[in-house]
Each structure stands twice: as C-alpha cells, then as structure tokens.
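We number each residue from 1, following the sequence as shown.
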Amino acid sequence: MNTTLKIAMAQMAPVWLNKSETLKKIENSIVSAAKENAELIVFGEALLPGYPFWLALTGGAKWNTDTNKKLHAHYVSNSICIEKGELDSVRKLAKEYKIAIYLGIMERPEDRGGHSIYASLVYISENGKIQSVHRKLQPTYDERLTWSPGDGNGLKVHPLKAFTVGGLNCWENWMPLPRTALYGQGENLHIAVWPGSDHNTNDITRFIARESRSFVVSVSSLMQKSDFPKDTPYYKEIIKNAPDILANGGSCIAGPDGEWIVEPVIDKEGLIFQTIDFNRVLEERQNFDVVGHYSRPDITKLIVNTERQTTVEIK
C-alpha cells in the first residue's frame, strides 16, 4: 500500500467579495496542483469570496447604519449556495483530476432560509462528491456581526489513501472538544484553515500535531490594502482605515512529532507542495495516542451532536 500523499497548499488572495472571479482563481489553482500530481489541495478560511475585513475598518458594531447594511448585503450576495450548484465547477475538477479538496467558503444555505451566512469548510473527495460541509461552530469576535454559528454536522473525517483527514476553521482549532471529536474518529491528518497571518498558525499548528501525533496542515490566505476592489461599497472608507497588509499568509505543515515540515510561508502567493508519509503517524503514536492507549474513556468521554440544525422540519 502506498503510504504517501502529496499535498498542495493554495496560499492566495481572493478577488475580494467577488465570487465568480474568486472561483476562477480557485479553479486555476486546482488544475495547476493536479498537473503537479497533488492528491489533496487546501484553501484558506472564507476564501470564497473573502474575509469580512471591513468590520474592523468601518465601525462594524454600529447599529443600523447604511454602511454596515450595504456591505453585509454585498457579502451575502457573493456567498455560496451549495444547493444551487455553485460549487459544481469545483466538484467537476476534483473528479476530472482525481484530487481531493478542502475549501473555505461563506455558505448561504437553503436549510437555514438562504439569507444568513456561515463560515463553512467543504470537503470534496477525489470522485467529485461533497462529503462534508462543516459550519464554523463559533464565529470569532467581530465575525459574529456577520457570520452565524454552525453545528456539529460537519465534524466528520474522511479516508484519503492511507490517511484519515478532518478539518476545522480558524480559532475553533483552539477548541479542545471539537479537536477530540475528530481525533476519536481516527483523524491523523488535520486540516486547519485560516483567513491569514502567521500569528495564527505559528504556535497552534505544532501544538495540535504534538497533541494528536498527526500531520497538521495550516492554510491561510493573503490580503493587501491594494486587493480591495474599487467598486466595493464604501471603498474609500475602508481604504482610509486599512493597513497595507491585512493577511500575510503563514501556511505551514507540522509532522506528528510537532516539528516543522514546512515552516510558515509569509507574503508569497501560490501553491506550496509537500509529500507526507503515513508511517510517521504510527511511529509517533507508539508513545502517545490521545484517544487510544493514552485515554481513559471510563472516566472522561465526549458526546457529539452531529444533527444538522434547521428551524423548520417538513414532514
């Protein structure tokens, strides 16, 4: 059995809040990764169509302002409705090139009415099927002004060659119980997606790897002041307060011993490739296995609710 897996980390800037143009960049990256024989490609949190940077730049907590209403409406309009087939082009590429995909999107789900949005991490298998859509459990800080809290339905793992892969969004990687929910299902390749910046990925990537004795792949996006499209609502107000660099990347990979395989990559757009070997997981689990021989389920045990939450159930 082939125990290796070639991974592509897509560290890129979105065409901010433009889903059609950002989708084109994503599709081009998938094709480029496949041509280099990558078997898994990972994109950052909320990459499609971008992170809500305006919240910190335009007084996002102000109540009932035209600025916040129009920017929010623009954001929702450019978010992704999976039920309407808006990821079909990505699915087709996964199937055509036999490449698995983790993609961070802003999801506008019909099962919650189609007007609220969720930071969702979508896993598409190498046969082009969507296997899980994990809605971020708890939006962080000012994200709560525009994102909705998710549920446990997407806390799933998936077989990928010799590996069992699962993923979480941004700061929920700091949540011990969601991590444990994935570990307990056999995860040994953990995907952590971020909006950007090495200050997020530098410490926790190695920590999760050492805790779980798994490979951890952290993928972040990029965003510069010059990346804001000039046709964005309230563009001048956003630019006036924006720093030159809003997200500097920081994509990286740590091995099951917690040491760097790929150190955080800063301010560089493009694909980052690395091949990993499953046997390293087995080597490091010899002395510590957080849900195996080094656990006491007779004393502490986690219960996970994986029901998809909806307001209306039609029978």
Side-chain angles (χ1 to χ4, degrees), residues 7-17 22-23 25-26 28-30 32-33 38 40-56 100-107 119-123 134 136 138-143 147 165-175 178-179 189-209 214-228 242-255 258 260-274 276:
I7 297 171
M9 298 185 286
Q11 182 162 282
M12 57 187 284
V15 182
W16 197 66
L17 306 198
T22 302
L23 258 173
K25 289 190 71 172
I26 290 167
N28 289 337
S29 293
I30 294 169
S32 296
L40 170 67
I41 183 170
V42 183
F43 298 88
E45 182 191 38
L47 176 69
L48 181 60
Y51 188 79
F53 289 107
W54 81 84
L55 293 168
I101 301 167
Y102 264 110
L103 174 61
I105 69 169
M106 292 314 306
E107 184 196 5
S120 295
L121 180 59
V122 180
Y123 179 71
H134 174 54
K136 188 173 184 178
Q138 181 59 60
T140 304
Y141 205 62
D142 56 3
E143 295 169 0
W147 295 355
V165 61
L168 295 172
N169 295 282
C170 198
W171 270 26
E172 65 181 355
N173 284 286
W174 284 110
M175 299 170 72
R179 292 200 309 270
L189 171 54
H190 181 79
I191 306 299
V193 298
W194 312 84
S197 298
D198 60 313
H199 66 79
N200 281 317
T201 64
N202 191 57
D203 294 323
I204 194 167
T205 303
R206 295 180 66 196
F207 166 75
I208 294 177
S214 300
F215 287 96
V216 178
V217 176
S218 280
V219 178
S220 293
S221 302
L222 298 166
M223 188 74 184
Q224 299 182 20
K225 186 175 184 177
S226 58
D227 290 327
F228 288 107
D244 290 336
I245 303 294
L246 295 99
N248 70 359
S251 299
C252 52
I253 300 176
W260 288 125
I261 296 175
V262 177
E263 295 190 24
V265 178
I266 308 299
D267 295 326
K268 180 181 178 182
E269 185 160 18
L271 296 173
I272 306 158
F273 295 97
Q274 183 64 45
I276 60 175

> Rounded to the nearest 0.5 Å, what separation is found between the SG atom of C170 and the CD1 atom of I204?
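Going from the SG atom of C170 to the CD1 atom of I204 covers 9.0 Å.
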
> Can you name the closest pair of heavy atoms from P14 and L222 and give their distance?
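In terms of heavy atoms, the two residues are closest at CD-O, 3.6 Å.
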
> What's the separation between atom CG in L121 and atom CZ in F43, rounded to the nearest 0.5 Å?
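Between atom CG of L121 and atom CZ of F43 there are 12.0 Å.
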
> Heavy-atom distance under 4.5 Å between the side chains of W147 and M106, does that happen here?
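W147 reaches M106 side chain to side chain.
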
> For a quick test of reading the model, state the closest non-hydrogen atom pair linking N202 to P264 and the distance between them.
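The pair with the smallest heavy-atom distance is OD1-CG, 3.8 Å.
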
> So which pairs with a foot in residues 41-56 pass salt bridge (Lys or Arg N to Asp or Glu O under 4.0 Å), sequence neighbours left out?
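Sorted result for residues 41-56: E45-K136.
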
> Check the side chains of S218 and T201 for a donor-acceptor pair under 3.5 angstrom, ignoring hydrogens and angles.
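No, because no side-chain N or O of T201 sits under 3.5 Å from a partner of the opposite role on S218.
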
> Centroid separation under 6.0 Å, is that true for the rings of Y51 and W194?
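W194 vs Y51: aromatic centres not under 6.0 Å.
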
> Would you name the heavy atoms of D142 and L55 that are closest together and state the gap between them?
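Smallest heavy-atom distance, with atoms named: O-CD1, 3.1 Å.
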
> For L40 versus I101, what's the shortest heavy-atom pair and its separation?
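In terms of heavy atoms, the two residues are closest at CD1-N, 4.1 Å.
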
> Backbone N or O of G196 within a donor-acceptor pair of the N200 side chain at under 3.5 Å?
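Yes, because the side chain of N200 sits within donor-acceptor range (under 3.5 Å) of the backbone of G196.
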
> Closest approach of I208 and V216, non-hydrogen atoms and distance?
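Heavy atoms only, the tightest pair is CG2-CG2, 3.7 Å.
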
> Carefully, step by step, assess E107 and V122 under the rule side chain to side chain contact (heavy atoms under 4.5 Å, CB included).
CA-CA 10 Å; E107 184 196 5; V122 180; over 6 Å; no

> Measure the shortest side-chain to side-chain distance between F228 and L246 over non-hydrogen atoms and say whether it is less than 4.5 angstrom.
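Yes; the side chains approach each other to less than 4.5 Å.
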
> Nearest 0.5 angstrom please: E143 CD to W171 CH2, how far?
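So the CD of E143 and the CH2 of W171 are separated by 9.0 Å.
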
> What I'd like to find out is whether the side chain of I261 reaches to under 4.5 Å of the side chain of F215, using heavy atoms alone.
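Sidechains of F215 and I261: in contact.
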
> For P195 versus A247, what's the shortest heavy-atom pair and its separation?
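Here P195 and A247 meet closest at O-CB, 3.7 Å.
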
> Would a 4.5 Å heavy-atom cut-off, applied to side chains only, mark Y123 and I191 as touching?
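Side-chain contact under 4.5 Å: no.
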
> When rounded to the nearest 0.5 angstrom, what is the spacing between SG in C252 and CD in Q11?
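C252 SG to Q11 CD: 9.0 Å, rounded to 0.5 Å.
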
> Spell out, as yes or no, whether a donor-acceptor pair under 3.5 Å connects the side chain of D227 to the backbone of Q224.
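Yes, D227 side chain to Q224 backbone: donor-acceptor pair under 3.5 Å.
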
> Nearest 0.5 Å, what's the CZ-CD1 distance between F273 and I7?
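One gets 11.5 Å once the value is rounded to the nearest 0.5 Å.
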
> Do V265 and M9 have side-chain heavy atoms sitting under 4.5 Å apart?
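No, every pair of side-chain atoms sits at 4.5 Å or beyond.
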
> Might you work through the side chain to side chain contact (heavy atoms under 4.5 Å, CB included) test for L271 and S29, ending with a clear yes or no?
CA-CA 7 Å; L271 296 173; S29 293; 4.2 Å; yes

> Which of parallel (below 30°), tilted (30 to 60°) and perpendicular (above 60°) describes W54 and W16?
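Rings of W54 and W16: perpendicular, over 60°.
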
> Got a sec, which pairs hit side chain to side chain donor-acceptor pair (under 3.5 Å) with one end in residues 260-272, sequence neighbours left out?
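Qualifying pairs: K25-E269.
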
> If we only count heavy atoms from C-beta on, is the V217 to I276 side-chain gap below 4.5 Å?
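Side-chain contact under 4.5 Å: no.
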
> Give a yes or no answer on whether the side chain of D198 reaches the backbone of N248 with a donor-acceptor pair at less than 3.5 Å.
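No, because the side chain of D198 does not come within donor-acceptor range (under 3.5 Å) of the backbone of N248.
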
> Roughly how far, to the nearest 0.5 Å, is CG of D244 from OG of S226?
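It comes to 8.5 Å.
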
> Look at the side chain of S220 and the backbone N and O of S251, then say whether any donor-acceptor pair between them is shorter than 3.5 Å.
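Between the backbone of S251 and the side chain of S220 there is no qualifying donor-acceptor contact (under 3.5 Å).
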
